[in-house]
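Every chain is numbered from 1, with letters handed out A, B, ... down the list of sequences. As a basis for the values below, the full set of heavy atoms in this structure was taken, side chains included, without hydrogen atoms, waters or symmetry mates.
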Amino acid sequence: MKRFWKQGIEFEMIKIFKKYENSIYSFTAILLAFLVGSILIHLSGFSVIKAYSALFDGAFGNVFNLTQTLMNTIPLIFTGLAVAIGFKSGLFNIGGEGQMYLGAFATAIATIYLSFLPVYILIPLVLIIGGLAGSAWGFVPGYLKAKTGAHEVVTTIMMNYIGILITSYLLLKYFKEEGPIPQTALIPESARLPELVEYSRLTWAIFIAVFVIIIIDIFFKRTELGYKIQTVGENRSAAEYAGINSNKMMVLSMMISGFVAGLAGSTIVMGVLHRFITNFSPGYGFTGIAVAVLGKNKPWGVLFAAILFGALQTGGITMQLFAKIPMDLIVIIQGLVILFVAAPILIKKLLRK
Amino acid sequence: MQEILEVIFNINTFSAAIRISVPLVFAAIGGVFSERAGIINLGLEGMLLTGAFAGVLGSYLTSNPYIGILFAIMAGAFIGFIFALFTIKFEANHVVAGVGLNILMLGITTWLMQILWGSRGTSVNVTGLGEITIPILSSIPILGKLFGSHNILVYVMFIIVIFSWIILFKTPFGLRLRVVGENQEAADTLGIKLRKIQYTSLIFSGVLCGLGGAYLSLGQLNWFSMNMSAGRGYMALAANIFGGWNPLGAFGASYLFAYTDALQMRMQALNLNVPNEIIQMIPYILTILVLAGAMIRSRPPAGLGKHYKTNR
Amino acid sequence: MNIIEFKSIIKKFGDFIANDKIDLIIKKGEIHCLLGENGAGKTTLMNILFGLYKPEEGKIFLREKPCKINNPHKAIELGLGMIHQHFMLIDRLTTTENIIVGEEPLKNGLVDMKKAREQVKQISDNYHLAIKIDEKIENISVGEQQRVEILKVLFRKAEILIFDEPTAVLTPQEVNNLFTTLRELKAGGKTIIFITHKLEETMNISDRVTVLRKGKVISTVNTCDTSPKKLARMMVGREVLLNVNKEKGDLGDKVLEVKDLSLIGKHKNIILKNINISIRKGEIVGLAGVSGNGQLELEECLTGLRKVTSGKIILGGDEITHTPTRIRRKKGFSHIPSDCLKRGLVSTYDLTKNIILGNQDSFTKNGFLQQNDINEYCKEVIEKFDVRCQSLNESVNNLSGGNQQKLVIGRELSTNPKFILAAQPTRGVDVGAIEFIHNNILKMRKQKKAILLISAELEELLSLADRILVIYEGKIVSEKNNYTKEELGLLMAGKKASDEEILETGNRIRND
C-alpha cells in the first residue's frame with residue numbers, strides 16, 4: 001500500500017514536471033545565464049550583489065522605474081512576436097530591426113501628411129501604415145526564401161542594413177528638420193498616444209501590444225490560415241501533399257511578422273520619440289530574438305520574456321549610471337539565454353544532477 | 001561615367017579589394033569547414049568579432065602584434081569548441097545557437113573593452129601589423145602592386161586557401177569530413193570517428209575566424225571597436241554558399257564582395273552625385289542577390305543542420 | 001566453431017523492449033537467417049553486434065571470447081561488416097571514394113587514389129562484384145549500389161557479414177545475383193547473417209534460421225528440417241491467411257485518365273515517358289515496379305506537386321493537369337503518400353490536427369476552425385479505422401507505425417473521394433494491419449471508387465488489383481489482367497516475357 005502511494009506521488013510529480021517542462025527549462029536557462037553573468041561581474045572586479053541589486057532597483061525600484069520597464073517592454077513584445085511568427089512557419093526572421101525602422105519611418109512621415117484626419121481614424125491608420133511598411137520589408141526575404149531557398153537569416157540581416165541606410169537616406173534627403181540632429185519634425189499632437197502615467201512616456205501602446213498578443217494567439221490556435229502556416233513550419237512536405245501552398249504560407253508569415261515588427265517602430269514614434277530619429281533603436285530587433293526564443297514562440301510566453309528583457313534594458317541603464325557597471329551585461333545575458341534555451345539537453349543534464 | 005569606369009578598372013581598386021577580402025575569406029573558409037561537417041555556422045560573425053578583440057588584447061598586453069595573432073587563434077579555437085559543444089553535444093538548433101553566440105560575443109567584447117580600456121566605442125591604440133614587402137615580386141609592375149606589399153595575414157590567407165583545398169579534397173581527413181557532412185550515420189557505420197572530425201573542423205573554423213578578426217583589428221587598423229565585424233560573418237556565410245562549399249570558390253566569392261566594397265568606398269570618395277547611403281548599400285544588396293542566385297543551382301551538404309544521435 | 005554467441009541480450013527504447021533476453025549462436029561459415037516481422041528486433045540485435053547500440057544487459061562472445069563492442073570502429077576491427085537496409089552511401093562521391101573512406105591508402109600523407117582504384121578493382125574482380133570504379137553513386141543502379149556496399153565491407157576485410165533486408169530494393173534478377181555472391185562468400189569461408197521477413201528467401205539461402213517475434217527468440221532450426229508454413233506460424237504466432245477475398249464487380253465510367261504524360265528532369269533526363277493510365281469506377285489498377293523507376297515522380301505529378309513536361313491528367317472528366325493540389329483534392333482526389341511519416345503526417349501535431357490535414361477548410365467558418373465539428377469527425381474516423389490511441393489530443397508520435405498508417409488511410413478514405421491514389425500503403429506495417437488495410441481498400445472498390453495502387457509487393461498487387469501495369473525506367477512496359485508471379489517479377493526487372501533467356505531465368509526462380 002505504501003509503495004503504491006509512493007509510486008502514485010512519483011507519477012504525479014512526473015506529470016506536473018511534464019506539464020511545466022518548458023517553463024522549468026526556460027527558468028533554469030535564465031538562472032544559468034545570470035549565474036554565468038555573475039561570474040563575469042566578479043572576475044571584472046565588481047560586486048555581484050551591487051550589480052544585480054542596481055539592476056533590480058533600476059527596473060522595479062519605484063513607480064517611475066516600473067513605467068520605464070513597461071515602456072521598454074512594448075517594442076520587445078512586438079519584435080519578439082515577430083520572431084515567433086516567423087518561427088511558426090519555420091523561418092528565422094532576424095530582420096526585426098530593419099522592419100521596425102521602416103515601420104517607424106513610415107508612421108512618422110504618414111502623420112505629417114494625414115494630420116487633418118480625426119484622431120480615431122488617424123491613429124489606427126498610421127499604425128497600419130507602419131505595419132505595412134514593415135510587412136514590405138519582411139516580404140523580400142520571404143519571397144526569396146520561397147523562390148530560391150536563400151537563407152532567411154542572411155537575407156534578413158542584409159535587409160536590416162539596407163533598411164537603416166534607406167530610412168536615413170530618405171530622412172536626410174527629404175524630411176530632415178533643421179538643426180544638427182538627423183531627425184524629422186515632431187509629429188502632430190493628435191497622432192501621439194496618450195500617456196498612462198505623466199512624464200513616463202508609458203502610453204496606450206501597452207494595450208495595443210497586449211491586443212496584438214491576443215490576436216496572434218487566436219490566429220495560431222483557431223484560424224485556418226494560422227493552422228496552415230504552422231503545418232508548413234512543422235512539416236513542409238506533408239503540408240504540400242495536403243494541398244497547402246507552402247511558398248505562399250512562408251511569404252505570408254514573413255509579411256505578418258514584418259507587420260508586427262513594424263508596429264514596434266510605429267509605437268515608439270507615436271508614444272516615445274514623437275519623431276523619427278536615425279539610429280533610435282538600442283537593438284530591439286535583436287533582443288526580440290531572445291524574447292521569442294525564451295518565450296518558446298508562444299504569444300503569452302513572449303509577453304513574459306519581453307517584460308524580463310524590458311526590465312533588464314531599463315535596469316541596465318541604472319546599473320551603468322550608479323554602479324558603474326557596463327550595461328552590456330544585458331547583451332551578454334541575452335546571448336546566454338538564447339544559447340541555453342536552444343540547448344535543452346544541457347539543461348536536462350544539469351537538472352538531473 | 002568616365003570617372004566611374006576608371007574606378008572600376010583601377011588597379012588600386014583591385015588591390016584594395018584584396019585587403020578588404022581578407023577577413024571575409026578567412027571566415028568563409030571557416031564556414032566551408034563547419035558546413036562540410038554538417039554544422040550550419042551563423043556564429044562566424046561572433047567568431048570574427050572575438051578574433052578581432054583577442055588580437056588587440058594580445059598586442060596590448062605584449063606590444064607584439066604577432067602575439068596578438070596568437071591570442072586571436074586561441075580565442076577563435078575556444079569559441080569554435082564552445083559552438084561545437086552546443087550544436088553537437090547539446091543538440092542545439094544550429095541557427096539559433098549561432099545567433100545566440102553572436103549576441104553573446106558582442107556583449108562580452110564590448111563589456112571587456114570597457115573593463116580594460118574604459119570606453120564603449122573603441123579600444124586604445126595598439127601596435128598593429130606592419131607591411132612586409134616581398135623583394136622581387138614588389139618590383140613587377142601590376143603583380144607588385146597587387147601582391148608585393150601586405151601584412152603577414154594577407155600572405156597567410158593565400159596559403160590557407162590552397163592548404164584548405166588540399167585538406168578538403170586530397171587528404172583522408174578531408175574525405176572523411178565530406179562523408180560526415182553528407183551523412184553522419186554513414187560515417188559512423190564506417191567506423192569513422194565522426195565527433196572528432198566535427199570538433200576538429202569547428203575548432204579550425206574558429207581559428208580561421210580568429211585570423212580574420214585579427215586582420216580586422218590589427219591588420220586594417222590598430223584598435224578594436226564595438227561590433228567591428230559589422231555583418232561580415234553573415235556575408236562570409238553567403239560567400240561560402242556562393243562558392244559551393246569549396247575553399248577556392250569561397251575565396252572567389254569573398255573577393256567579389258570585397259571588390260564591390262572597395263568600389264563603394266572609392267565611389268564615395270569621388271563625390272559623385274549618388275548619395276553615400278545608396279552606395280553603402282551595394283555590398284548588402286549584392287549579398288542578397290548572390291545568395292538568391294547561388295541557392296537556385298547549388299546543393300548544400302546533404303546532412304547540413306541535422307543532428308545525429310548515437311545510441312550508445 | 002561458434003563464431004558469435006549472444007547471451008541474454010536486453011535492449012530497451014524507453015518503455016519498449018526491442019530485444020528481450022536474446023540467446024543466439026552463429027556458427028562459422030554458415031548462412032544464418034534472422035527471420036521475423038517488422039519490429040521483431042532483428043535489426044536492433046544486429047546494430048548491437050555492430051556497436052551502434054549499447055544493450056542494457058547481456059554479453060557477446062566473438063570467436064568464443066567475451067568482447068565489448070562499443071562502436072562500429074571496434075566492430076570493423078573485429079572483422080564484422082554490415083550492409084544496411086538503407087544504404088550508407090554518399091551520393092556525390094564516387095564508388096571508390098565510398099569504399100575506401102576511413103581506410104584510405106596513403107602516399108605522402110595524401111589519399112593515393114591510384115592505389116585505391118587498383119585495390120577496389122582487385123576485390124571487385126575477386127568476388128565478381130562488377131562496379132564502375134569512378135562513377136558517382138547517384139548515377140548507378142540500386143543493384144550496383146548494393147555491390148558497392150558489399151565491397152565496402154570486404155575492403156575492410158570482414159569475416160562476418162551482416163545483410164539487413166538486402167533484397168527489399170532488388171529486382172528478382174538482382175536477387176539471384178546477390179544469392180550467387182552470398183554462396184561464393186560462404187565458399188570463401190565467410191560467415192553470413194541474413195535479416196529478412198521473406199519466407200521463400202529464407203528457405204532458399206540459409207543453412208539455419210532463427211525466428212524472432214516481439215523481441216524474443218522463438219526458435220533456431222536447420223533450414224532443411226523446416227517448411228515455410230512452420231516458419232510463418234513461428235513468425236506471426238498464429239495461422240496466417242495471406243489471400244483476400246475479391247469479388248468481381250461491374251466497372252463504371254472512367255474516373256482518372258492519364259494521357260501521354262511525360263516528365264523530363266533537370267538534366268534533360270527522362271523520368272517518365274508517355275504514361276497512359278485509365279481507371280474506371282470500382283476498379284483497382286495496380287502499378288508494379290521496383291522502387292526508383294518513376295513511381296514517386298508519378299505520384300507527385302498526379303498530386304500536383306510536380307509540373308508535368310507534357311501530357312494530360314483528367315479526373316472525372318475535368319482536366320487537372322495544371323490544377324493546384326488543393327483544387328484536385330476538392331475535386332475528389334485522395335492520396336495515401338508513399339512515405340506516410342514524412343509526407344502524410346505532422347509528427348508534432350495531435351491526432352485531430354492530423355486528421356483534418358488537407359481537409360481543414362471543410363471545418364472552417366469565416367476563417368475560424370470549428371473545434372467541436374473537428375472532434376466529432378475525428379472520433380468517427382478513429383473508430384471506423386480502428387486507430388488505437390489514448391486520446392484525440394495525444395501526439396501522433398505516440399502511435400505505433402501501423403496505427404499511424406491507419407490514421408492516414410482513414411483520413412484519406414473518409415473524405416468521400418472519387419479517386420484514391422494509394423502508394424505503398426502497407427510498407428513497414430505488420431501483418432495484422434496489412435489485412436485491415438487491404439480489406440479497406442477492397443471496401444472502397446465496392447463503393448465504386450477508382451483506385452490506383454502503387455506497390456512493389458507482388459502478392460499485394462496480385463491479390464488486390466483488377467489490372468496491373470508494370471513501370472520500368474519511367475515507362476509502362478506491360479499491362480494485363482493476370483500475371484504469374486514470375487512474369488511480373490521479370491517485367492519489373494525490365495525484361496520482356498518473350499525473351500528466351502528470360503524464360504530460363506524464370507525457370508530458375510521457380511526451381512529455387
Side-chain angles (χ1 to χ4, degrees), chain A residues 7 10-11 14-15 17-19 21-22 84 87-91 146-149 214-253 255-256 296-298 301 344-345 348 352, chain C residues 296 299-300 302-306 320 323-331 333-350 352-372 374 394-397 404 407-408 411-412 415 421 423:
Chain A
Q7 273 183 349
E10 263 174 27
F11 182 70
I14 291 167
K15 238 169 72 183
F17 183 79
K18 282 248 158 91
K19 192 171 170 195
E21 203 179 2
N22 275 337
F87 264 130
K88 291 278 185 186
S89 71
L91 298 183
K147 284 287 155 195
T148 72
I214 296 170
I215 300 269
I216 297 297
D217 193 39
I218 293 174
F219 177 74
F220 282 115
K221 277 196 186 135
R222 296 262 170 265
T223 70
E224 190 200 357
L225 187 60
Y227 170 79
K228 290 205 269 190
I229 287 179
Q230 279 180 91
T231 307
V232 171
E234 297 289 345
N235 184 342
R236 191 169 165 186
S237 68
E240 285 176 358
Y241 270 77
I244 297 170
N245 185 338
S246 66
N247 285 344
K248 196 168 128 193
M249 291 305 135
M250 287 198 286
V251 176
L252 264 177
S253 93
M255 287 174 72
I256 300 171
K296 292 277 173 195
N297 305 319
K298 296 198 170 89
I345 293 191
K348 239 180 242 177
R352 213 171 285 154
Chain C
L296 182 63
E299 198 184 331
E300 288 180 345
L302 292 178
T303 327
L305 292 179
R306 233 180 223 264
I320 55 162
T323 315
T325 311
R326 190 173 53 89
I327 313 284
R328 291 184 199 208
R329 293 183 76 95
K330 283 242 133 2
K331 289 182 187 257
F333 181 104
S334 195
H335 176 210
I336 301 161
S338 54
D339 189 342
C340 263
L341 262 187
K342 238 168 97 187
R343 308 194 192 96
L345 288 171
V346 179
S347 59
T348 44
Y349 276 178
D350 67 1
T352 60
K353 281 183 173 168
N354 271 298
I355 290 172
I356 61 164
L357 182 59
N359 192 22
Q360 65 277 352
D361 46 357
S362 316
F363 301 97
T364 304
K365 243 184 234 158
N366 306 323
F368 285 87
L369 293 169
Q370 304 299 306
Q371 205 54 50
N372 291 338
I374 291 173
E394 114 185 80
S395 155
V396 282
N397 251 345
Q404 288 176 338
L407 185 135
V408 172
R411 173 180 83 206
E412 296 300 322
T415 51
L421 170 57

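Taking the ring centre of A:Y227 as origin, the terminal cationic atom of C:K353 falls outside the region bounded by 6.0 Å and 45° from the ring axis.
For C:S395, the side chain to side chain contact (heavy atoms under 4.5 Å, CB included) test picks out C:N397, with sequence neighbours left out. Here A:N297 pairs with nothing under the side-chain hydrogen bond (donor to acceptor under 3.5 Å, both in side chains) rule; sequence neighbours left out.
Interface remark: of the candidates C:N359, C:L305, C:T348, C:T325, C:L305 forms the most heavy-atom pairs closer than 4.5 Å to chain A. When each of C:L345, C:T303, C:N366 is checked for heavy-atom pairs under 4.5 Å with chain A, C:L345 comes out on top.
Applying a 4.5 Å heavy-atom cutoff, the residues of residues 243-253 of chain A that approach chain C are A:G243, A:I244.
Looking at C:E412, there are no atoms closer than 4.5 Å to chain A (heavy atoms on both sides), in backbone or side chain. Heavy-atom distances place both the backbone and the side chain of C:I356 under 4.5 Å from chain A. With a 4.5 Å cut-off on non-hydrogen atoms, C:Q371 touches chain A through its side chain but not through its backbone.
Classification of C:D361 and C:K330 as a salt-bridged pair holds, one side-chain N sitting under 4.0 Å from a carboxylate O.
Taking all atoms of both residues into account, the shortest heavy-atom contact from C:E299 to C:L421 is CG-CD2, 3.9 Å.
C:L357 has its side chain out of reach of C:Y349: every pair of non-hydrogen atoms, C-beta onward, lies at least 4.5 Å apart. You'll find the side chain of A:I216 reaches within 4.5 Å of the side chain of A:F220, heavy atoms only.
Within the structure, side-chain hydrogen bond (donor to acceptor under 3.5 Å, both in side chains) pairs that include any residue of residues 214-226 of chain A comprise A:D217-A:K221, A:D217-A:W300 (at least two apart or interchain).
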